[in-house]
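These notes are about the structure you will find just below.
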Amino acid sequence: MSAKQESGFLRQSSWLVIATFTGGVMMALVHTVARKMGPEEYSAFVTLLRMLIVIGIPGVALQTIFARQAATVTNEAQQDQLIATTRAILLGMFAVWVVCAVGILSGMRPLLHSLKISNPASLYFMLLIALGGLGIPVARGLLQGRHQFFGLGWLQISDGAGRFGIMLLVILCFGGKAAAAMFAVLVGQLITVCIAGWLTYPVWSARPSTAFDWKTWLKGAIPLTLGLGTVLLMSSIDMLFVQSLFTDTRQTALYGGAMLTGFAIIQFIAPVALVMFARVAKSVAHSEAGSSLGLTLQATILFGALAGLGCTILPKLPLRLMYFSNREMWDAAPLVPWFAWALVPLTVANVLVQNILARARFKAVLWLVIVPPAYAAALCLQAPSLVRMATFDAFIRIIQTLGLASTALCLLAAWFSRNPEAVNPLDQVSAAAAAVSDRTSSPPEQKRGANL
């Protein structure tokens with residue numbers, strides 16, 4: 001990578017880090033304002049946001065899928081296929097939304113009762129938010145793959161800023177409740193959708209001259225989804241395990257607080273991997289060399305080490321910043337250093353997995369997906385001994401298991417990153433068996449020749 005390219009990489013990465021941090025702060029402030037609604041209305045608001053996450057599951061991997069396809073466009077035929085894919089997937093996501101909306105609206109009364117939602121307008125707003133939320137990952141992927149990082153950064157900021165601004169108005173000025181809070185989320189979403197639609201207009205508005213090749217698309221989409229899911233599962237299993245094993249909700253809340261603190265620190269550097277993914281995919285498509293992976297690894301390891309040292313020296317500081325009005329959460333300080341260090345290999349593994357997926361080394365995914373189930377099994381095997389330990393000692397053991405599993409994933413991803421020709425060992429066994437079979441069985445002509 002030339003000095004100019006390296007400078008561009010650092011500039012783009014820095015901008016995305018700033019944009020992600022700004023958007024994240026705005027999102028956090030939304031909840032600070034929303035708590036003014038009272039516990040019941042705030043609980044309903046949080047429940048509706050969680051429903052949005054469930055509805056948005058089909059679109060989780062779309063950003064990475066479209067980022068790779070957009071980054072690998074090298075001719076008009078591939079550009080035409082990108083246009084056809086974009087239009088087809090947007091239409092498909094709309095169909096998914098219609099099915100979800102019909103299902104939710106058909107059972108609206110019992111749903112409102114079970115979720116303790118007093119105003120049905122909250123549910124209507126939620127469905128409209130979900131519609132926009134299914135299309136935004138496609139736009140983000142197109143911007144990422146086309147190296148339009150400036151626009152991608154503003155998408156990160158606009159949703160949080162719009163949401164927070166309207167929330168201040170409707171909650172603090174007009175005393176709104178959960179429905180008003182969902183309206184604020186909808187406005188923030190609409191701002192983001194408008195910006196995304198404007199930035200990606202040349203793609204989704206064009207009429208393709210070719211049909212959507214869904215078979216080829218699925219061949220890339222499935223391994224990309226599984227590969228990304230590996231890292232996401234690794235970051236979620238421990239909290240589910242803790243919630244199911246321990247009955248003291250105050251203690252589990254402390255574990256969750258320390259976990260969120262660790263992830264907030266580590267996610268600060270995650271946007272650098274977005275830039276790296278698009279650059280690596282483009283370099284592979286154009287058969288160019290690059291050092292994006294090396295720069296990303298250096299930044300990730302350096303920041304992770306500094307965060308770990310900071311959390312070791314001042315473990316209460318991140319808790320005070322995140323939970324400044326809730327002093328009880330500061331009691332989670334002993335867990336913070338363990339989380340900070342345990343998540344460093346997971347963050348490095350995310351970079352390496354992104355590199356593998358960008359280079360389309362999809363055979364590696366067959367091995368990467370083994371790690372999360374193995375990690376979950378290791379936790380379950382320890383369950384009988386964990387319940388007999390002091391709660392915080394058990395929490396530390398769980399975090400140590402996370403660190404070991406993350407290290408295993410990191411080493412496995414490093415192996416496939418360093419060995420471009422690495423293949424599935426099962427394929428090697430099959431090839432060896434075929435070779436042995438060919439040697440032991442000779443063609444009929446050779447047998448007749450031998451008899452003569």
Side-chain angles (χ1 to χ4, degrees), residues 1-2 4-6 8-13 15-16 19-20 59-90 135-153 155-156 196 199-204 206 208 210 212-213 216-228 231 270-297 350-362 364-365 416-417 420:
M1 183 184 292
S2 66
K4 183 178 180 180
Q5 291 174 321
E6 184 174 329
F9 175 82
L10 295 175
R11 184 178 63 254
Q12 293 162 348
S13 300
W15 162 241
L16 277 189
T20 302
V60 167
L62 284 179
Q63 178 173 343
T64 302
I65 293 169
F66 274 90
R68 186 176 183 279
Q69 185 171 357
T72 54
V73 170
T74 58
N75 52 56
E76 291 186 5
Q78 291 176 339
Q79 177 66 19
D80 210 38
Q81 185 57 227
L82 175 64
I83 294 170
T85 301
T86 301
R87 293 169 66 96
I89 295 302
L90 287 175
I136 287 177
V138 176
R140 285 177 173 164
L142 291 172
L143 294 175
Q144 181 185 349
R146 291 157 65 91
H147 290 198
Q148 294 177 255
F149 297 111
F150 185 74
L152 179 60
L155 290 189
Q156 303 283 72
L199 292 173
T200 59
Y201 180 80
V203 178
W204 60 263
T210 185
F212 171 46
D213 187 357
T216 302
W217 188 80
L218 284 177
K219 286 180 181 178
I222 292 174
L224 282 169
T225 303
L226 292 175
L228 291 173
V231 179
V272 181
L274 297 179
V275 179
M276 180 210 70
F277 181 91
R279 282 179 168 267
V280 169
K282 184 176 181 180
S283 297
V284 172
H286 290 82
S287 301
E288 298 172 349
S291 58
S292 298
L293 175 61
L295 291 172
T296 306
L297 285 174
N350 176 59
V351 173
L352 295 171
V353 169
Q354 295 262 9
N355 174 66
I356 289 169
L357 298 177
R359 296 181 182 277
R361 297 173 187 169
F362 295 145
V365 175
F416 282 99
S417 293

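What's counted below: heavy atoms across the whole structure, side chains too, no hydrogens, waters or symmetry copies. Along the sequence shown, the residues carry numbers beginning at 1.
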Identify the two heavy atoms, one from [X] and one from [Y], that lie closest to each other, and give their separation to 0.1 Å.
{"X": "Pro271", "Y": "Thr20", "value": "CG-OG1, 3.3 Å"}
{"X": "Gly153", "Y": "Ala19", "value": "O-CB, 3.3 Å"}
{"X": "Leu90", "Y": "Gly135", "value": "CD2-CA, 4.1 Å"}
{"X": "Arg87", "Y": "Pro208", "value": "CD-CD, 3.7 Å"}
{"X": "Ile83", "Y": "Val203", "value": "CG2-O, 3.4 Å"}
{"X": "Leu199", "Y": "Pro202", "value": "O-CD, 4.0 Å"}

Evaluation steps, side-chain contact (heavy atoms from CB on, under 4.5 Å), between Leu143 and Phe150: CA-CA 9 Å; Leu143 294 175; Phe150 185 74; over 6 Å; no

- request: Could you walk me through whether Gln69 and Trp217 pass side-chain contact (heavy atoms from CB on, under 4.5 Å), step by step?
  value: CA-CA 9 Å; Gln69 185 171 357; Trp217 188 80; 3.6 Å; yes

message: If you define the side chain from C-beta out and look only at heavy atoms, does anything of Phe66 sit under 4.5 Å from Ile89?
response: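 Side chain of Phe66 against side chain of Ile89, heavy atoms only: contact under 4.5 Å found.
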
In Å and rounded to the nearest 0.5 Å, what is the [atom1] to [atom2] distance from [X] to [Y]?
{"X": "Leu82", "Y": "Phe212", "atom1": "CG", "atom2": "CZ", "answer": "11.0 Å"}
{"X": "Leu142", "Y": "Thr200", "atom1": "CG", "atom2": "OG1", "answer": "6.0 Å"}
{"X": "Asp80", "Y": "Thr85", "atom1": "CG", "atom2": "OG1", "answer": "9.5 Å"}
{"X": "Leu152", "Y": "Gln63", "atom1": "CG", "atom2": "CD", "answer": "6.0 Å"}

According to side chain to side chain contact (heavy atoms under 4.5 Å, CB included), who are the partners of [X], at least two apart in sequence or on a separate chain?
{"X": "Leu297", "result": "Leu293, Val348, Val351, Leu352"}
{"X": "Ala281", "result": "Arg68, Ala71, Thr72, Ala358"}
{"X": "Gln12", "result": "Phe149, Val275, Arg279"}
{"X": "Val365", "result": "Pro223, Leu226, Leu357, Val369"}

Donor-acceptor contact present, side-chain [X] to main-chain [Y], <3.5 Å:
{"X": "Gln81", "Y": "Asp213", "answer": "yes"}
{"X": "Gln144", "Y": "Arg140", "answer": "no"}
{"X": "Arg361", "Y": "Asn355", "answer": "no"}

message: Please enumerate all residues that pass side-chain hydrogen bond (donor to acceptor under 3.5 Å, both in side chains) together with Thr86, with sequence neighbours excluded.
response: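 Expected list: none.
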
query: With sequence neighbours left out, what residues match Thr210 under side-chain hydrogen bond (donor to acceptor under 3.5 Å, both in side chains)?
result: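 With sequence neighbours excluded, Thr210 shows a side-chain hydrogen bond (donor to acceptor under 3.5 Å, both in side chains) to no residue whatsoever.
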
